[in-house]
Amino acid sequence: MESLKWGVMMDKQEWKPGNMLYPVPAVMVSCCDEKEVPNIITVAWTGTICSDPVMVSISVRPERYSYEMIKKTGEFVINLTTRELTRATDWCGVKSGRDVDKFREMSLTPGLAQHLEYAPIIVESPVNLECRVREIKELGSHHMFIAEVVGVQVSEKYLDENGKFWLNHTDLVAYSHGEYFVLGEKIGKFGYSVKK
């Protein structure tokens, strides 16, 4: 019996397995230790994992300065980034909080989270997801923090007179294969392919 042929691969090279799932959000994750020393870590390995309860994940290398803060307090905040925050996002990803105060150096403001005891929000971010860790999965180079979103803060700057939040007007930033991009042209919306 002949094997099924699903098509011909043309102009393709086979590479070793790698993380080529792009684009991904470029977010700044804020956290704090038990002595109330805040820090920011830039994370690209993050995502939505459940809608009820609302849950997200971030993956962090155990040697990173923020790792122990998040592990000990069980808290962190995912702060969405914008064109205006891109330099700070990159800088916070290449500098260590062991050596510098990232909030001060990048002129970012730590703000009060409404549902967390330790982790601050980044006031300049248009959206802050307050997260409480439910589980840590030790996967290899990165450990995944699975967390419940216990609160969300949004900037009033992007609310219209009817209270609608215009998230896609915030110049959100994505990370793709080592480069940052501002989200661009709208080409459709959920369900448009079947709408009559």
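Note that the coordinates shown come from a computational prediction; the quantities given were computed from them, not determined experimentally.
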task: Output the distance between atom CG (Leu129) and atom CD (Gln153), rounded to the nearest 0.5 Å.
output: 10.5 Å
message: Holding to ring pair (Phe, Tyr, Trp, His ring centres under 6.0 Å), I want the full list of residues that pass it with His169, two or more places apart in sequence or in another chain.
response: Trp166
query: Are Leu80 and Val149 connected in a single hydrophobic cluster, I mean Ile/Leu/Val/Met/Phe/Trp/Tyr linked by side-chain heavy atoms less than 4.5 Å apart?
result: yes
Distance-only donor-acceptor hits, side chain of residues 55-66, under 3.5 Å, sequence neighbours excluded:
unit_1: Ser66; atom_1: OG; unit_2: Asn39; atom_2: ND2; d: 2.8

message: Looking at every heavy atom in both Pro126 and Thr170, which two are closest together, and how far apart are they?
response: CB-CG2, 3.9 Å
field: More than 12 heavy atoms from other groups under 6.0 Å of CG on Leu139
entry: yes
- prompt: For the side-chain contact (heavy atoms from CB on, under 4.5 Å) test, which of Pro38, Ser30, Cys31 pairs with Met69?
  reply: Cys31
Determine all donor-acceptor pairs shorter than 3.5 Å in which one atom belongs to a side chain in residues 109-119; sequence neighbours excluded.
unit_1: Thr109; atom_1: OG1; unit_2: Glu124; atom_2: OE2; d: 2.6

hydrophobic_cluster_shared for Leu172 and Tyr22, side chain cutoff 4.5 Å: no
- prompt: Ser125 side chain to Thr81 main-chain N or O, any donor-acceptor pair under 3.5 Å?
  reply: no
query: How long is the span from the CD1 atom in Ile41 to the OH atom in Tyr67, to the nearest 0.5 Å?
result: 11.5 Å
field: Sequence-distant partners of Tyr180, ring pair (Phe, Tyr, Trp, His ring centres under 6.0 Å), two or more places apart
entry: Tyr175
- prompt: Are Cys32 and Glu75 close enough that some pair of their side-chain heavy atoms sits under 4.5 Å apart?
  reply: no
query: Do NZ/NE/NH1/NH2 and the carboxylate oxygens of Glu14 and Lys12 come within less than 4.0 Å?
result: no
query: Got a sec, which residues hit ring pair (Phe, Tyr, Trp, His ring centres under 6.0 Å) with Phe181, two or more places apart in sequence or on another chain?
result: none
task: Please answer whether the main-chain N or O of Cys92 pairs with a side-chain N or O of Lys102 as donor and acceptor at a distance below 3.5 Å.
output: yes
task: For residues Val43 and Thr46, report the shortest heavy-atom separation together with the two atoms involved.
output: CG1-CB, 4.1 Å
Under 4.5 Å side-chain linkage, directly or through intermediates, the cluster mates of Phe103: Met28, Ile40, Leu85, Trp91, Val100, Met106, Leu108, Ile122
- prompt: Going hydrophobic residue to hydrophobic residue with side-chain gaps under 4.5 angstrom, can you get from Val154 over to Tyr158?
  reply: yes
field: Euclidean distance, Phe145 CZ relative to Lys71 NZ, rounded to 0.5 Å
entry: 7.5 Å
- prompt: For Glu148, does the CD atom have more than 12 heavy-atom neighbours from other residues, nucleotides or ligands under 6.0 Å away?
  reply: yes
message: Before you tell me yes or no, could you show the steps for Val133 and Ile70 under side chain to side chain contact (heavy atoms under 4.5 Å, CB included), namely the whole-Å CA-CA distance, both residues' side-chain angles and the distance that decides it to 0.1 Å?
response: CA-CA 8 Å; Val133 177; Ile70 296 169; 4.0 Å; yes
query: Just by distance, do the side chain of Asp33 and the backbone of Lys35 share a donor-acceptor pair under 3.5 Å?
result: yes
- request: Determine, step by step, whether His177 and Met20 satisfy the side chain to side chain contact (heavy atoms under 4.5 Å, CB included) criterion, reporting the C-alpha distance in whole Å, the side-chain angles of both residues, the deciding distance to 0.1 Å, and the verdict.
  value: CA-CA 7 Å; His177 204 55; Met20 292 294 286; 3.9 Å; yes
message: Please determine whether side chain to side chain contact (heavy atoms under 4.5 Å, CB included) holds for the pair Asn168 and Lys186, giving the CA-CA distance in whole Å, both sets of side-chain angles, and the decisive distance to 0.1 Å.
response: CA-CA 9 Å; Asn168 292 327; Lys186 176 183 170 183; over 6 Å; no
- prompt: What's the spacing between Leu183 CG and Arg83 CZ if we round to 0.5 Å?
  reply: 10.5 Å
message: Heavy-atom count check: over 12 atoms from other residues, nucleotides or ligands less than 6.0 Å from Glu34 CD?
response: yes
query: Is it true that Leu167 and Val173 fall in one hydrophobic cluster, defined by side-chain heavy atoms closer than 4.5 Å?
result: no
- request: Give a yes or no on whether Val24 and Val27 share a hydrophobic cluster (residues Ile, Leu, Val, Met, Phe, Trp, Tyr; joining criterion: side-chain heavy atoms under 4.5 Å apart).
  value: no
- line: Output for pair (Ile49 CD1, Met144 CE), nearest 0.5 Å, gives 7.0 Å
